[in-house]
Amino acid sequence: MTITSPHLGSPAVWTDAKLLYALEEVVETELNRHLKVAKDWMPHEYVPWSDGRNFPGLFEDGEAWDKEQSKVTEIGRIALVVNLLTEDNLPSYHHEIASLFGRDGAWGTWVHRWTAEEGRHGIVMRDYLLASRAVDPDKLEAFRMQHMSEGFESDNRHSMLHSVAYVAFQELATRVSHRNTGHQSGDPVCDRMLARIATDENLHMVFYRNLLKAAFELAPDLTMQAVRDVIVNFRMPGHGMPGFERFAAQMAIGEVYNMRIHHDDVLQPVLRFLKIMEIDGLGPEGQQAQDELGLFMGGLDAEALKFDEKLAARKARMAARAAG
């Protein structure tokens, strides 16, 4: 990619503002591609409304919630709550990306379109959970109030480039988490709903991944450092919710999202697409970031192997107990 605009100045002194301007044409191209392939869908069509009935409250015939009322598995219930609470923070996410990317031009159009598409996810998940009685509605609302009242700040809010790098991986992580939650939920209706959401998340990942590729062509050293920082310090956006560490551990054991999945199904696909470890001609800082990224990925794979072994041993113990 050749940049000839006199407004950009020297690429040796890239700033967020210059990169935003330089990437505007790529954003427009990716936005147009996204709009051609993305399909509108109706959240209400994925909700089993006929299963719904009144909860206690204003209605005298309200029936108290009990987990036996739903076919959703325990790990499915946990993951659905985590995934929904993450989606609930959409106002904060919108504020962050609108502040970083702006509200004008192709960037602004993307920000608003992305927000509108993401809004469907929280709508359909909450409607499904309430209609199917998959979770305690009182606890769900208490969790939502606590989580949103504490606010949200991204680890990468200081840098547009870091934010683009983060969402390229995070959107795929969200897709994988939703898809695996559906597989583990025990309910085909839930599985279909989350598959629909996962399709959106995958398209969002492609948008940011392609944008990140363009950033590598413009500013390879800075982009390599951003990717290194994001991967080494990666945290899911829901990390601040109450009880997240315990929920994350349960989701790891339940094979919804764990270290092996993070390495194999989230980080590696994006890194391979971008051919990050094959990029040459980097300056000293970019080369150092590439080397550190390679070392980190090797260490993460080794840690994932240890987790795999512990998980296999746990499964063997449970199978032995069941057989005995």
Side-chain angles (χ1 to χ4, degrees), residues 1-31 33 96-97 99-102 105-107 110-111 153-173 204-235 237 262-304:
M1 179 182 295
T2 303
I3 299 297
T4 58
S5 171
H7 301 292
L8 295 178
S10 170
V13 287
W14 285 113
T15 63
D16 268 10
K18 289 179 179 178
L19 278 169
L20 276 167
Y21 187 91
L23 290 170
E24 177 88 21
E25 185 177 339
V26 181
V27 171
E28 183 175 1
T29 298
E30 289 302 312
L31 173 63
R33 180 198 54 76
E96 292 256 345
I97 65 172
S99 299
L100 282 164
F101 301 155
W107 279 106
W110 167 253
V111 166
E153 286 189 337
S154 168
D155 295 333
N156 302 287
R157 62 189 180 279
H158 63 288
S159 161
M160 182 276 292
L161 193 54
H162 280 71
S163 295
V164 169
Y166 175 74
V167 289
F169 295 101
Q170 182 267 320
E171 292 282 6
L172 183 53
H204 298 164
M205 178 276 294
V206 170
F207 177 94
Y208 287 118
R209 182 197 64 186
N210 292 351
L211 198 56
L212 190 58
K213 181 180 180 182
F216 265 111
E217 296 174 4
L218 285 171
D221 290 287
L222 285 177
T223 307
M224 186 67 74
Q225 292 172 72
V227 170
R228 183 264 325 268
D229 294 345
V230 162
I231 287 181
V232 169
N233 300 299
F234 187 88
R235 297 193 297 176
H262 182 62
H263 178 277
D264 290 0
D265 299 338
V266 176
L267 299 183
Q268 285 286 23
V270 177
L271 293 176
R272 281 196 301 267
F273 175 85
L274 297 172
K275 299 180 179 178
I276 281 182
M277 302 313 297
E278 300 172 26
I279 295 175
D280 54 17
L282 295 166
E285 292 182 339
Q287 184 63 60
Q288 180 181 345
Q290 188 181 50
D291 293 342
E292 290 176 353
L293 182 57
L295 288 171
F296 178 83
M297 290 299 294
L300 182 62
D301 188 40
E303 289 298 314

_D291 and Q287 side chains, donor-acceptor separation under 3.5 Å_ = yes
*Are V27 and F207 close enough that some pair of their side-chain heavy atoms sits under 4.5 Å apart?*
yes
*Going by heavy atoms in the side chains, are M205 and F169 under 4.5 Å from each other?*
no
_Counting only heavy atoms from other residues, nucleotides and ligands, does the tally under 6.0 Å from CD of E28 exceed 12?_
no
*Hey, which of D155, D229, D16 is the one that makes side-chain hydrogen bond (donor to acceptor under 3.5 Å, both in side chains) with H162?*
D229
*Please report the shortest heavy-atom distance between W107 and E24, naming the atom on each side.*
CD1-OE1, 2.9 Å
*Does atom CD of E285 have more than 12 heavy-atom neighbours from other groups under 6.0 Å away?*
no
*Quick one: CG on L271 to CD1 on I276, what's the gap to the nearest 0.5 Å?*
4.5 Å
*Compare all side-chain heavy atoms of V167 with those of H204 and state whether any distance is below 4.5 angstrom.*
no
*Would you check, one step at a time, whether the test side-chain contact (heavy atoms from CB on, under 4.5 Å) holds for H262 with F234?*
CA-CA 10 Å; H262 182 62; F234 187 88; 3.4 Å; yes
*asked:* Could you report the tightest heavy-atom contact between L100 and S159, atom names first, then the distance?
replied: CD2-C, 4.1 Å
*Decide yes or no for H263 and E303: does some side-chain heavy atom of the first lie under 4.5 Å from some side-chain heavy atom of the second?*
no
_Quick check on the 6.0 Å ring-centre criterion: do W110 and Y208 meet it?_
yes
*Y166 (side chain) donor-acceptor with S154 (main chain) under 3.5 angstrom*: no
*Can you tell me how far CD of Q290 sits from CD of E278, rounded to the nearest 0.5 angstrom?*
9.5 Å
*How many angstroms lie between CD1 in I231 and CG in L300, if you round to the nearest 0.5 Å?*
9.0 Å
_For V270 versus A168, what's the shortest heavy-atom pair and its separation?_
CG2-O, 4.0 Å
*Which heavy-atom pair separates A173 from V266 by the least distance, and what is that distance?*
CA-CG2, 3.7 Å
*asked:* Ignoring hydrogens, what is the shortest heavy-atom contact between P269 and L172? Give both atom names and the distance.
replied: CB-CD2, 4.2 Å
*Between R209 and V206, is any pair of side-chain heavy atoms under 4.5 Å apart?*
yes
*Is any side-chain heavy atom of S163 less than 4.5 Å from a side-chain heavy atom of R157?*
no
*About how many Å separate CD of E96 and CG of N156, when rounded to the nearest 0.5 Å?*
9.0 Å
_Taking the six-membered ring of F296 as reference, does the cationic atom of R228 (NZ for Lys, CZ for Arg) lie under 6.0 Å from its centre and within 45° of its axis?_
no
*Answer whether the closest heavy-atom distance between the side chains of L161 and W14 falls below 4.5 Å.*
no
_Working for side-chain contact (heavy atoms from CB on, under 4.5 Å), residues D221 and Q225_ = CA-CA 6 Å; D221 290 287; Q225 292 172 72; 4.2 Å; yes
*Distance from L20 atom CG to M160 atom CE, nearest 0.5 Å?*
4.0 Å
_Using the rule given for side-chain contact (heavy atoms from CB on, under 4.5 Å), can you reason through M297 versus L267, listing the C-alpha separation, both sets of side-chain angles and the distance that settles it, and then say yes or no?_
CA-CA 9 Å; M297 290 299 294; L267 299 183; 3.8 Å; yes
_Nearest-0.5 Å distance, CD of residue E217 to CD1 of residue I279_ = 9.5 Å
*asked:* Measuring only between side-chain heavy atoms, which start at C-beta, is T29 closer than 4.5 Å to N210?
replied: no
*Residue pair G102 / V111: nearest heavy atoms and the distance that separates them*: O-CG2, 3.9 Å
